[in-house]
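Presented below is the structure to which this report refers.
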Amino acid sequence: MAPLIVDLDGTLVHTDLLHESALRASRDRPFDVLRIPLWLLQGKAVLKRKLASRGAIDAALLPYNESLLAWLKEQRAAGRRLVLCTGADRMLADAVAAHLGVFDDVLAGDGATHLVGHDKAEALARQYGHGGFDYAGNSAADLKVWRRARKAIVVNGARGLAGKAAALCGVEREFPAPARGVKAAIPAWRKALRLHQWLKNVLLFVPLVAAHQVFDLGHWLTLALAFLSFSLCASTVYITNDLLDLDSDRAHPRKRLRPFAAGALPVRHGVLAAPLLLAASLALGVHVGGSFLPWLLCYFLLTCVYSLGLKKMILLDCIALAMLYTLRITAGAAALSLPLSFWLLAFSVFLFLSLAFVKRHAELQVQALSGHHEVQGRGYYTSDEPLVLNLGVAAGYASAVVLALYLNSDKVAVLYRQPEAVWGTVPVLLFWISWIWMQAHRGHMHDDPVVFAMKDRASRLAGLVFGAVLVIGALGWPW
């Protein structure tokens with residue numbers, strides 16, 4: 001039986017280890033990014049060796065082609081010799097081979113040899129003879145290898161690739177690629193951009209409502225542009241965060257299904273999309289005018305600091321998340337040049353701090369149920385869960401206290417025709433905070449409390465009642 005040679009990038013794994021190594025270096029050693037062009041001038045093999053030496057990969061977390069891997073195990077059980085042959089650096093290839101335990105040998109780059117295309121074909125022909133091996137690959141570059149092979153195994157190939165391989169050596173087996181094209185990419189990009197998270201940017205409209213200027217059409221149009229600008233900026237950060245968090249996402253029971261972590265979208269597409277989205281966001285921010293752009297930049301910088309380090313620091317991560325929510329309200333006021341109320345800011349900080357703790361509590365629960373003691377990429381232990389719950393409940397109730405104090409201030413009498421009716425918001429808020437934390441304690445909470453609130457009937461009802469009470473307070477009793 002002819003030995004089976006298996007490619008790595010795009011074949012055995014749904015990703016490119018060179019791109020992931022570059023991302024890892026950018027995250028862990030940012031100044032190395034400046035060296036990449038110099039390394040590349042010395043050859044791609046040198047570049048791959050330099051990047052691979054900057055940090056080891058966790059081979060257990062890579063997005064493997066499970067159908068191919070299952071077939072390889074069958075071939076190994078039948079006595080077939082399996083060889084991993086890749087243009088990736090040997091340090092990475094050895095880690096993958098050691099984890100899988102199905103390969104008899106590894107052929108890979110060594111800092112001088114770049115085993116792709118023609119070079120790979122020549123190396124395999126020298127070692128196994130012309131037509132003395134079968135080869136599993138995924139790209140047009142592998143046609144040069146198949147020209148020297150006995151049989152081809154086409155994995156994740158583009159349309160027509162299997163036909164071209166068949167004309168060279170015949171196809172033993174084909175593992176079809178996932179659906180391609182714009183229609184197939186839309187669901188993956190919708191997840192990567194986190195379109196559902198754009199709902200958070202409705203907070204930009206809070207100052208307009210709080211100032212009772214909801215009938216000003218010009219303000220609505222300005223905030224619509226600000227909403228789109230903030231949303232594109234947020235999507236930029238979501239993509240960047242996903243690219244920098246590949247390992248921790250893959251270790252998470254649910255986050256491992258995110259498009260970049262799962263290999264549904266190539267990481268290089270994310271690297272290209274992020275700056276384009278940011279440029280569009282800033283262009284819209286300039287058009288909004290006022291002092292909106294500086295606040296947008298503050299939001300972007302804080303999210304970058306959060307992604308690069310703050311999210312790993314206990315407590316500071318939740319405070320940063322609360323500030324990111326509050327910055328949306330501040331930016332909305334800046335877009336309309338409206339003054340910001342101390343009461344609104346104080347209420348927002350405490351409420352959003354509680355929601356940030358909800359998010360972290362849900363993550364700790366998931367990790368605890370998975371049997372983990374520490375949360376990868378965070379500064380928490382799963383044993384911190386009860387304390388996080390207590391801190392979150394305290395912050396939520398503090399927001400209710402701030403709301404009650406505000407309702408006792410002179411401003412309420414000026415803004416509301418029926419001030420005593422607005423007191424109805426306090427029990428509604430207390431119910432919702434208690435409900436959210438009760439669901440979190442029972443393990444029913446989504447990773448994101450905003451997503452949970454959108455889907456939860458009790459939360460939607462509480463929001464409607466809260467809004468109705470405010471309307472009654474502003475317009476007076478309808479009877």
Side-chain angles (χ1 to χ4, degrees), residues 198-231 233-234 284-299 302 322-355 398-429 432-433 450 453 462-478:
W198 288 16
L199 182 65
K200 296 176 182 178
N201 298 323
V202 171
L203 292 171
L204 289 160
F205 294 85
V206 169
L208 177 65
V209 176
H212 292 213
Q213 297 188 24
V214 294
F215 298 108
D216 191 317
L217 180 60
H219 283 353
W220 282 98
L221 293 175
T222 298
L223 287 179
L225 286 178
F227 175 88
L228 184 56
S229 175
F230 239 80
S231 298
C233 182
L284 287 171
V286 171
H287 191 69
V288 169
S291 55
F292 172 77
L293 186 59
W295 286 111
L296 176 66
L297 291 173
C298 284
Y299 170 83
L302 181 55
M323 297 309 299
L324 287 172
Y325 279 108
T326 307
L327 273 173
R328 291 172 167 93
I329 296 176
T330 307
L336 302 179
S337 299
L338 292 175
L340 265 177
S341 164
F342 160 79
W343 294 108
L344 179 58
L345 286 176
F347 170 77
S348 301
V349 168
F350 283 115
L351 178 62
F352 297 140
L353 181 59
S354 182
L355 293 181
S399 70
V401 172
V402 172
L403 177 60
L405 292 173
Y406 164 70
L407 295 177
N408 196 45
S409 68
D410 296 335
K411 287 189 175 182
V412 175
V414 175
L415 291 173
Y416 293 92
R417 188 175 298 177
Q418 202 79 40
E420 59 272 20
V422 188
W423 272 96
T425 57
V426 175
V428 175
L429 179 63
W432 185 69
I433 291 168
V450 174
L464 288 174
V465 174
F466 192 93
V469 170
L470 288 178
V471 170
I472 290 172
L475 301 180
W477 297 101

Kindly give the heavy-atom pair with the smallest separation between [X] and [Y], and that separation in Å.
{"X": "Val288", "Y": "Ala335", "answer": "CG1-CB, 3.8 Å"}
{"X": "Leu204", "Y": "Ala331", "answer": "CD2-CB, 3.8 Å"}
{"X": "Ala210", "Y": "Leu344", "answer": "CB-CD2, 4.4 Å"}
{"X": "Gly473", "Y": "Val422", "answer": "CA-CG2, 3.8 Å"}
{"X": "Leu429", "Y": "Ala400", "answer": "CD2-CA, 3.6 Å"}
{"X": "Ile329", "Y": "Ser348", "answer": "CD1-OG, 3.1 Å"}

Interatomic spacing from [atom1] in [X] to [atom2] in [Y] - rounded to 0.5 Å:
{"X": "Ser231", "Y": "Leu284", "atom1": "OG", "atom2": "CG", "value": "10.0 Å"}
{"X": "Leu351", "Y": "Ile433", "atom1": "CG", "atom2": "CD1", "value": "6.0 Å"}
{"X": "Phe347", "Y": "Leu403", "atom1": "CZ", "atom2": "CG", "value": "5.5 Å"}
{"X": "Phe342", "Y": "Ser409", "atom1": "CZ", "atom2": "OG", "value": "10.5 Å"}
{"X": "Cys233", "Y": "Leu296", "atom1": "SG", "atom2": "CG", "value": "4.5 Å"}
{"X": "Trp423", "Y": "Tyr416", "atom1": "CH2", "atom2": "OH", "value": "13.0 Å"}

Got a list of side-chain donor-acceptor pairs under 3.5 Å for residues 219-230, not counting sequence neighbours?
{"residue": "His219", "atom": "NE2", "partner": "Gln213", "partner atom": "OE1", "Å": "3.1"}
{"residue": "Trp220", "atom": "NE1", "partner": "Val214", "partner atom": "O", "Å": "2.6"}
{"residue": "Thr222", "atom": "OG1", "partner": "Gly218", "partner atom": "O", "Å": "3.1"}
{"residue": "Ser229", "atom": "OG", "partner": "Ser281", "partner atom": "O", "Å": "2.8"}
{"residue": "Ser229", "atom": "OG", "partner": "Ser281", "partner atom": "OG", "Å": "3.4"}

Check your understanding: Is it true that atom NE2 of His212 has more than 12 heavy atoms of other residues, nucleotides or ligands lying nearer than 6.0 Å?
Key -> yes

Review point. Counting only heavy atoms not in Phe350, do more than 12 sit closer than 6.0 Å to its CZ atom?
Key: no

Check your understanding: Is there side-chain contact between Trp343 and Leu405, with heavy atoms separated by less than 4.5 Å?
Key -> yes

Review point. Does Thr330 use its side chain to pair, donor to acceptor, with the backbone of Thr326 at less than 3.5 Å?
Key: yes

Exercise for review: Report the C-alpha distance between Val206 and Val209 in whole Å, list the side-chain angles of each, state the deciding distance to 0.1 Å, and finish with yes or no for side chain to side chain contact (heavy atoms under 4.5 Å, CB included).
Suggested key: CA-CA 5 Å; Val206 169; Val209 176; 5.8 Å; no

Point to revise | Candidate pair Thr425 and Tyr406, rule side chain to side chain contact (heavy atoms under 4.5 Å, CB included), full reasoning | key: CA-CA 12 Å; Thr425 57; Tyr406 164 70; over 6 Å; no

